[in-house]
Amino acid sequence: MYKLERDFYDRDARLVGEELLGKLLVRKYDDVLIKSRITETEAYIAEIDKASHGYGGKVTPRTKIMFGPPGFTYVYFIYGMYYCLNFVTEGEGICSAVLIRSVEPVINIDAMCMNRYNKALDCLTKSQLKNLSNGPGKLCNALKITKEENGIDLTGDEIYLEDDGFRNFAVEKTKRINIDYAEEAKDFLWRYLLRN
DNA sequence: CCCATGATGCCCT
DNA sequence: GGGCATCATGGGT
């Protein structure tokens, strides 16, 4: 079991996105510790990707974190209601990131249930359990991640990743979803899913 | 299971 | 003012 350091993130977002599968996402706040396993990601690389918020070198207050050094969070607000968690990849000046689309609970599922439904695990319906953290907005709710967590250093102790040696799975690569506006980029196979 | 729809507010032009 | 890297819900199969 070891923590991923900055060099892990300082690579092509597609490679990082694929290698994030199976890693443990650790979240600490107050006296709470939650660990979950990453099961779905998507890569975004502004230079060649019309789906990226930074496409065309568009530096704004929102996107500037993605132009900075690797190994920081990029959390954005979407559809007036939800947050999405990304990890910034590659060196300073290169706008790229990986969106975390789905995680599964590993440690402290109770805290995740309370954060998301304000209900204990044994009070959840089957549907609520299935939908606990299987979407980018859902997992931010379950892990208590909001715009307050934008720009966090992943080598710190609030949000970081661990490799626990979990390797027994196959990787599926598909088109990314909900980016129909992105023309040719919508067909890039930059969505990575853990199978098994 | 699937699909259609409405919610809701920030960001950027 | 338009658009959006989503989700919960409700109804049909």
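Residue numbers start from 1 in every chain, and the chains themselves are labelled A, B, ... in the order their sequence lines are given, proteins ahead of strands.
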Worksheet item: Side chain of Tyr76(A), base of dA5(C): donor and acceptor closer than 3.5 Å?
Response: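 Pair found.
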
Taking the side chain of [X] as heavy atoms from C-beta outward, which of [options] is closest to it?
X         : options                 : result
Tyr74(A)  : dA5(C), dC7(C), dC10(B) : dA5(C)
Arg62(A)  : dG9(B), dC4(C), dC11(B) : dC11(B)
Lys130(A) : dA8(C), dC1(B), dA5(C)  : dC1(B)
Lys147(A) : dA5(C), dG9(B), dC11(B) : dC11(B)
Met81(A)  : dC12(B), dT8(B), dT6(C) : dT8(B)
Pro61(A)  : dT6(C), dA5(C), dC12(B) : dC12(B)

Discussion item. Identify the stems formed by DNA chain C, where each pair is Watson-Crick or G-U wobble with both distances under 3.5 angstrom and a stem is at least 3 consecutive pairs.
Written reply: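 When the pairs of DNA chain C are grouped into runs of at least three, the stems are B:1-7 with C:6-12, B:9-12 with C:1-4.
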
Worksheet entry | Residue whose closest nucleotide on DNA chain C lies nearer the 5' end, Tyr117(A) versus Ile179(A) |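 Closer to the 5' end of DNA chain C: Ile179(A).
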
Indicate, with a heavy-atom threshold strictly under 4.0 Å, whether [X] touches base, sugar-phosphate, or nothing.
X         : answer
Leu99(A)  : base
Arg116(A) : sugar-phosphate
Tyr79(A)  : base
Arg176(A) : nothing
Asn131(A) : nothing

Worksheet item: Which pair of heavy atoms, one from Ile38(A) and one from Leu194(A), lies closest together, and at what distance?
Response: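 Looking at all heavy atoms of both residues, the closest pair is O-CD1, 3.8 Å.
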
Discussion item. Show the nearest heavy-atom pair for residues Val103(A) and Thr39(A), with the distance to one decimal.
Written reply: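 Val103(A) and Thr39(A) have their closest heavy atoms at N-OG1, 3.9 Å.
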
For [Y], does its backbone N or O pair with a side-chain atom of [X] as donor and acceptor, under 3.5 Å?
X         : Y         : value
Arg176(A) : Ala43(A)  : yes
Asp10(A)  : Gly91(A)  : yes
Arg195(A) : Glu172(A) : no

Discussion item. What's the separation between atom CE in Met66(A) and atom OG1 in Thr73(A), rounded to the nearest 0.5 Å?
Written reply: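 It comes to 12.0 Å.
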
